[in-house]
Amino acid sequence: MSVLVYTETSKNKIRKSSLEAVNYAANIAAKLGTTVTAVIDGGTDAAILGDLGKAGAKKVITITDAKLKDGNPRAWAIAIDQAASADGATVVIFSHDIVSKAIAPRLAVRMKAGIVAGAVEYPTIEGGKFSVRKSAFSGKATAVYVIHSDKKIISLLPNSYPIQLADGTAEVSPLTVDLSAAEIKVTVKELKTRDTTKISLPEAELVVSAGRGMKGPENWGIIEDLANSLGAATACSRPIADMDWRPHHEHVGQTGLAVRPNLYIAIGISGAIQHLAGVNGSKTIVVINTDKEAPFFKAADYGVIGDAFEVVPRLTEAVKKFKAAHH
Amino acid sequence: MKILVGISNVPDTTAKIAFTDNNTKFNKAGVQFIINPYDEWFALVRALELKEAKGAGSVTVIHVGPLENEAMIRKALAIGADDAVRIDAEPADAFFVAEQIAAYAKDKGFDLILVGKETIDYNSSLVGGMLAEMLSLPYVSLASKLDVNGNVATAECEMDSGTSILEVQLPAVMSCMKGMSEARIPNMRGIMAARTKPLVVVPVSNPSILTSVESYTQTEGRKAVKMIDPNNMDELVALLHNEAKVI
Ligand SMILES: Cc1cc2nc3c(=O)[nH]c(=O)nc-3n(C[C@H](O)[C@H](O)[C@H](O)COP(=O)(O)OP(=O)(O)OC[C@H]3O[C@@H](n4cnc5c(N)ncnc54)[C@H](O)[C@@H]3O)c2cc1C
Ligand SMILES: Nc1ncnc2c1ncn2[C@@H]1O[C@H](COP(=O)(O)O)[C@@H](O)[C@H]1O
């Protein structure tokens with residue numbers, strides 16, 4: 001028996017969201033009196049697998065197959081299903097991210113597993129009852145789901161818990177899977193990769209976001225400067241993406257990406273409910289706005305009434321001064 | 001081309017959220033319900049555009065939900081869907097929904113099944129992938145562009161590191177997001193026509209209940225905002241470090 005976790009790499013490192021998922025699996029494994037097995041692509045650099053052990057995995061199953069290339073979700077679902085059988089796993093953990101949104105639902109059908117997508121807390125396991133909390137109604141509430149089926153899948157919302165690494169090693173064990181059922185009907189014609197030196201917004205712990213108050217795309221320099229000084233990702237409100245001032249993947253809110261960083265700085269954003277729906281899970285919110293009546297101040301921890309064009313450069317200087325003093 | 005679009009009924013984002021029965025049930029009283037925006041603006045409208053471009057085919061909307069949701073289904077017909085199917089059940093979760101839609105769709109010969117990226121009330125993003133697995137079809141997750149040429153669909157999809165362009169043999173299932181189309185407002189003619197378009201009610205068949213909601217908790221509001229002097233950004237940084245402990 002084990003708790004299985006699907007893991008991935010990015011820029012030749014175990015993804016931050018994957019380490020979070022391994023930590024999360026370790027919490028469940030402890031409650032069930034079992035151990036964590038991570039599943040990863042066999043092409044992964046062996047030198048970085050140790051991080052999975054540090055995050056709490058006792059075993060790493062590596063799977064190598066041409067059909068898993070390009071992350072073919074159906075092939076991955078079949079492979080993970082077989083890995084779960086081979087390892088006697090009844091609980092499978094994912095991070096609730098773009099890749100898992102294609103794999104996890106297929107796996108749920110194959111395993112006939114109840115799935116809770118986007119969990120925000122560790123599950124409670126009491127007297128055979130397995131329940132887990134997820135966010136609902138645009139962050140206005142949370143719902144506790146009971147999973148009734150024997151097999152269970154949970155995908156964890158990124159940034160729910162800080163990563164914990166400790167001494168620990170995982171035994172690496174390659175697994176051969178039968179992917180003959182995974183015919184490839186989807187072909188990748190082209191990949192358009194973005195600037196990979198930038199911090200990925202879904203995983204970012206710090207986010208600097210700006211809206212129509214910035215007046216035009218040419219003014220984003222001070223936003224980028226603040227983000228760089230903090231080591232933060234940049235985001236924007238919907239009209240900004242709609243007007244093509246910023247790329248669409250930076251759009252946060254109800255119809256864009258939902259983020260919950262430790263720090264969200266909103267600059268020149270009024271704080272419409274549809275915007276808040278995507279950011280109100282952030283741990284700390286700072287709002288900078290000229291209008292003291294801007295609704296965003298009601299959802300903020302810290303507020304600054306002022307002109308972004310003056311306040312933001314001042315904040316950047318203050319951050320730089322702080323960083324210089326603390327390093 | 002025969003297209004099936006899954007539509008869900010969700011509370012408007014601006015709705016006040018409350019619970020009853022000792023916080024075990026969502027209180028629908030006084031709540032404005034809408035078609036899930038991803039389903040309406042992207043999946044449904046793109047389906048209509050594809051049909052119109054071909055000048056042939058049909059767009060069917062399907063909803064798993066109770067009778068009271070039929071007003072929402074009529075709106076989808078007013079926007080332009082040809083006919084509608086309602087599976088008469090209060091769904092427990094995504095698995096329940098997918099199972100019912102798959103049971104209905106399996107022998108109907110749809111070329112394309114479109115769903116939204118996720119519902120805005122639970123944000124699960126599961127139904128599309130489940131449908132694809134249940135029907136043994138290819139699945140394109142999080143498509144922001146979709147074109148169909150003969151038997152082949154070309155879609156642009158979101159990845160963590162950028163976008164990818166995928167080609168997929170029809171029939172296929174796809175989840176749709178922003179970029180695919182622009183919202184359409186139903187006109188008077190559409191609203192009139194919707195009244196007489198077919199809406200078939202299908203009984204629920206052998207549902208699986210794999211998960212259920214036990215209770216809800218309202219999210220606590222934030223503490224009162226602390227205002228900082230715009231001339232004193234050192235203070236803000238100090239608070240973010242010492243008090244909020246986020247930098
Ligand atoms: C169904 C639906 C879904 C939606 N989904 C989303 C979504 O996902 N994400 C989203 O963001 N929006 C969404 N919206 C739109 C949303 O309702 C708002 O219209 C939008 O968020 C407003 O963007 P904004 O705050 O940038 O612009 P505005 O509302 O125009 O606000 C600009 C703010 O900047 C301030 N300002 C002006 N000048 C300065 C200055 N020099 N310095 C500092 N502050 C200044 C102003 O006081 C104002 O508060 C959605 C709307 C609908 C109906
Ligand atoms: N009750 C329902 N009836 C029909 N389609 C639904 C229903 N619930 C969800 N869907 C479809 O599945 C998509 C994804 O929903 P979910 O997986 O629940 O986030 C939605 O955008 C709809 O297109």
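In the text below, chain A, chain B and the rest are named by the order of the sequence lines, each starting its count at 1.
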Rounded to the nearest 0.5 Å, what separation is found between the [atom1] atom of [X] and the [atom2] atom of [Y]?
X	Y	atom1	atom2	value
B:Gln169	A:Thr187	CD	OG1	8.5 Å
A:Lys185	B:Leu170	NZ	CG	11.0 Å
B:Leu126	A:Ser100	CG	OG	11.0 Å
A:Tyr145	B:Ser124	OH	OG	6.0 Å
A:His248	B:Thr163	NE2	OG1	11.5 Å
B:Met130	A:Arg110	CE	CZ	13.5 Å

Report which part of [X] has an atom under 4.5 Å of a heavy atom belonging to chain A: side chain, backbone, both, or neither.
X	value
B:Leu142	side chain
B:Thr211	both
B:Glu99	side chain
B:Tyr38	side chain
B:Asn23	neither
B:Leu131	neither
B:Lys245	neither
B:Glu118	side chain
B:Ile120	both

Fill in: Any donor-acceptor N or O pair under 3.5 Å, side chains B:Ser212, A:His148
yes
Practice prompt. Tell me yes or no: between the side chains of A:Lys192 and B:Ser164, is some donor less than 3.5 Å from an acceptor?
Written response: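 No, B:Ser164 and A:Lys192 have no side-chain donor paired with an acceptor closer than 3.5 Å.
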Taking the side chain as every heavy atom from C-beta outward, state whether [X] and [Y] have any pair of such atoms under 4.5 Å apart.
X	Y	value
B:Phe95	A:Ile115	no
A:Tyr302	B:Leu239	yes
B:Lys178	A:Asp242	yes
B:Glu133	A:Leu107	no
A:Phe322	B:Leu240	no
A:Lys189	B:Thr154	no
A:Arg74	B:Tyr139	no

[X] side chain vs [Y] backbone, donor-acceptor pair below 3.5 Å:
X	Y	answer
A:Arg133	B:Thr217	no
A:Lys134	B:Tyr122	yes
A:Lys101	B:Gly129	no
A:Lys112	B:Leu210	no
B:Thr13	A:Gln274	no

Looking only at heavy atoms and a cut-off of under 4.5 Å, which of [options] has the most pairs with chain B?
options	value
A:Ala108, A:Ala272, A:Ala117	A:Ala117
A:Leu201, A:Leu276, A:Ile285, A:Val99	A:Ile285
A:His251, A:Glu310, A:His249, A:Glu205	A:His251
A:Leu191, A:Ile273, A:Val146, A:Ile147	A:Val146
A:Ala143, A:Ser131, A:Gly306	A:Ala143

Discussion item. Show, in sequence, the C-alpha distance, side-chain angles and deciding distance for B:Trp41 and A:Thr255, and conclude whether the side chain to side chain contact (heavy atoms under 4.5 Å, CB included) test is met.
Written reply: CA-CA 11 Å; B:Trp41 302 350; A:Thr255 41; 3.8 Å; yes
Engaged part of [X] at the chain B interface, taking heavy atoms whose separation is under 4.5 Å:
X	result
A:Lys11	neither
A:Ala299	backbone
A:Val287	neither

Item to complete: Could you point out which residue of A:Val319, A:Thr316, A:Leu315, A:Val312 forms a side chain to side chain contact (heavy atoms under 4.5 Å, CB included) with B:Met233?
Response: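 Of the listed residues A:Val319, A:Thr316, A:Leu315, A:Val312, the side chain to side chain contact (heavy atoms under 4.5 Å, CB included) partner of B:Met233 is A:Leu315.
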Worksheet item: Does the distance from a Lys or Arg side-chain N to an Asp or Glu carboxylate O, for B:Arg222 and A:Asp301, drop under 4.0 Å?
Response: yes
Practice prompt. Flag the pair B:Asp234 and A:Arg314 as a salt bridge only when some basic side-chain nitrogen lies within less than 4.0 angstrom of an acidic carboxylate oxygen.
Written response: no
Please determine, among [options], the option with the most heavy-atom pairs under 4.5 Å with chain A.
options	answer
B:Asp93, B:Ile247, B:Ile165	B:Ile165
B:Gly221, B:Ala155, B:Pro138	B:Pro138
B:Glu167, B:His241, B:Met159	B:Glu167
B:Phe42, B:Phe26, B:Phe19	B:Phe26

Item to complete: Start with the C-alpha distance between A:Lys140 and B:Asp121, add both sets of side-chain angles, then the distance that settles salt bridge (charged side-chain N to carboxylate O under 4.0 Å, His left out), and finish with yes or no.
Response: CA-CA 10 Å; A:Lys140 284 182 261 187; B:Asp121 50 2; over 6 Å; no
Discussion item. Around atom CD of B:Glu182, are there more than 12 heavy atoms from other residues, nucleotides or ligands closer than 6.0 Å?
Written reply: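 Open.
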